[in-house]
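The structure appears right after this line, and notes come after that.
Everything numeric in this text was worked out from a predicted model, so none of it was measured. Start at 1 and go down the list; that is how both ligands and their atoms are numbered.
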Amino acid sequence: MPVQKIPFYTLSLRELAETLVNDGFEKFRARQIFDGVYAKKIFNPREFPSIPSKLAEYLSERFDFEPAEIVGGRKSDDSTKKYLFKLSDGNFVECVLLEAPSADDGKIRKTLCVSTQVGCACGCRFCASAMRGFVRNLSACEIVAQALPFVKRTVENGKKEAKFEFENIVVMGMGEPLINYTNLMSALKVFNSAEKFAFGARRITVSTCGIADRLEKLPEDGFPYRLAISLHGATDEVRGKIMPINSRFPLARLLGAAEKFSKSCGRMITLEYILIKNVNDSFEQARELAKIAKRLHAHINLIPYNKVPALSWQRSDAGRRAAFARILDEAGASYTLRREKGSEIDAACGQLALKKSLGPQ
Ligand code: SAH
C-alpha cells in the first residue's frame, strides 16, 4: 500500500528539519526548502534551485506539495480568473481571483476568494453552494492550495521576484469557514506566519453566515483576521426566511457576539447584505440595517444578488438598490454599494456550485 504523503504547507520549519534529519538529509536543507516554497514561491521540489536531485526526488515522494490539482481555469476578463481544482478523492472545488473593495480603505484590490468545504451544511436558500448539501471539510493544505496558482513572476532590477497576484484574501467561497474552524485556522496561519508567506492578517477576511457560538470564542482565541458577517436580513423575520441558521442563532445572539468581537478585537466588522428583490430590500429593512451597523460600528457591503439558475430569487433592480443605499446614507451608516463581478463565469459569490462539467474550456 502506498505510504501517505505528509501535507507540506502545515509543517513548521522545525518539523520539516526533524523529518529531513530522520530520513538522512542535512538539517540546513529545511531552510532552503522553505526559501524555495515561501519566498521564491516554487511549489514543485524538482524546480527548487540548488537542491540535489536525490533530495528533490525524496521531497516529491515524501511530501504532498499539490493537494489539489488544477483541472480547469477560466478568465472573464483580466480582473476575474477562476480555477477549478480536483481534490485527491475526486471532489471539486473552485477558487476565484477578482477585484473587490478592500476592507481596509475601500480601494479596489485584487482579491482571492477561497473555499473551505465541499458543499455547505448551512442551507441559505439563495445560495448555489447550499444546493448540493454538505460533502466534507477541506484540509488546511487544500485551503492553502487554492492560492498557489496565483503567483506572478517578474524580473525587477535584474532580481527575480515572485509575488502573489492578490493583495487580499477573502474566505467567501464554498462552505462555512467557522464550521471547519481548526483547518481554517491552520490554513490561515500558513498565509500569515512570518516563516511562511508572511501575508498580513488584516488583509485576510473570514466571512460567516453567523455561527454565533464559534464567534463568541474568537476574542479569547486571539483571532487576528478581519471578520465579515453575512447578514442579508435585518430582522429575525426576514433573515429567518432565507437563512435557516437564524433559527439556531437568532439576531440577538449573533449581534451580541459580533459586538463583543469588535469591542475586544478593535476591528471593524463588515456586514454583507445581498439585495434580493421583494425579500430583504424594503426601506424598513434598510432602516433596521442602519441601526445594526451603527451599533456595531460596522461597514455594510451591499451586494447585488447573482442569479442562481435553479433558484427563483431575483436581484433588486438598480433603482431599488440606490434607494436602499440612500436610506443607509441618511441614517449615517457606512456602506459600499458593490457592482457585481465575475457573474459571467459563474464565479460570483454563491455561484461556486460543484459543476464537474466546468472542466477545461
Ligand atoms: N459561508 C460563508 C462564506 C461563503 S458565502 C458566509 O455565509 O459568509 C460568501 C458570501 O456570498 C456570503 O455573504 C453569501 O451570503 C453570499 N452569497 C451567496 N449566494 C449569493 C448569490 N447568489 N449572490 C450574491 N451573493 C451570494
Original post:
Just which atoms of ligand 1 are under 4.0 Å from any heavy atom in Phe126?
Top reply: 15 (O), 18 (C), 19 (N), 22 (N)
**OP:** For the residue pair Gln117 and Asn137, confirm or rule out a side-chain donor-acceptor distance under 3.5 Å.
**Re:** yes
**OP:** Check each atom of ligand 1 against the heavy atoms of Cys127 and keep those under 4.0 Å away; list them by number with element.
**Re:** 18 (C), 19 (N)
Original post:
Against heavy atoms of Val308, which atoms of ligand 1 measure under 4.0 Å?
Top reply: 22 (N)
Subject >> Part of Asn306 within contact of ligand 1 (heavy atoms, under 4.0 Å) >> reply: both
**OP:** Enumerate the atoms of ligand 1 whose separation from the nearest heavy atom of Gly175 is less than 4.0 angstrom.
**Re:** 1 (N), 2 (C), 3 (C), 4 (C)
**OP:** Identify whether the distance between the nearest side-chain nitrogen and carboxylate oxygen of Glu161 and Arg153 falls below 4.0 Å.
**Re:** no
Subject >> Ring centroid separation Phe164 to Phe150 under 6.0 Å >> reply: no
**OP:** Could you tell me whether Phe65 and Phe43 have their ring centroids closer than 6.0 angstrom?
**Re:** no
Original post:
Do Arg214's NZ or CZ and the ring of Tyr181 fall within the cation-pi criteria of under 6.0 Å and 45°?
Top reply: yes
Original post:
Which is closest to atom 13 (O) of ligand 1 by heavy-atom distance: Ser230, Pro304, Ala121?
Top reply: Ser230
Subject >> Heavy atom of Cys120, distance to ligand 1 below 4.0 Å >> reply: no
**OP:** For ligand 1, indicate whether the residue His232 contacts it via side chain, backbone, both or neither (heavy-atom separation under 4.0 Å).
**Re:** side chain
**OP:** Could you list the atoms of ligand 1 found under 4.0 angstrom from a heavy atom of Cys209?
**Re:** 6 (C), 7 (O), 8 (O)
**OP:** Establish, for the pair Arg203 and Phe199, whether the NZ or CZ atom is under 6.0 angstrom from the six-membered ring centre and no further than 45 degrees off its axis.
**Re:** yes
Original post:
Does a salt bridge link Glu216 with Arg253, judged by any charged N lying under 4.0 Å from a carboxylate O?
Top reply: yes
Original post:
Can you find a pair of side-chain heavy atoms, one from Ile242 and one from Cys124, that are under 4.5 Å apart?
Top reply: no
**OP:** Pull out every atom of ligand 1 sitting under 4.0 Å from any heavy atom of Thr208, numbered as shown with elements.
**Re:** 6 (C), 7 (O), 8 (O)
Subject >> Proximity winner for atom 25 (N) of ligand 1, if only heavy atoms of Ile274, Thr270, Ile211 are counted >> reply: Ile274
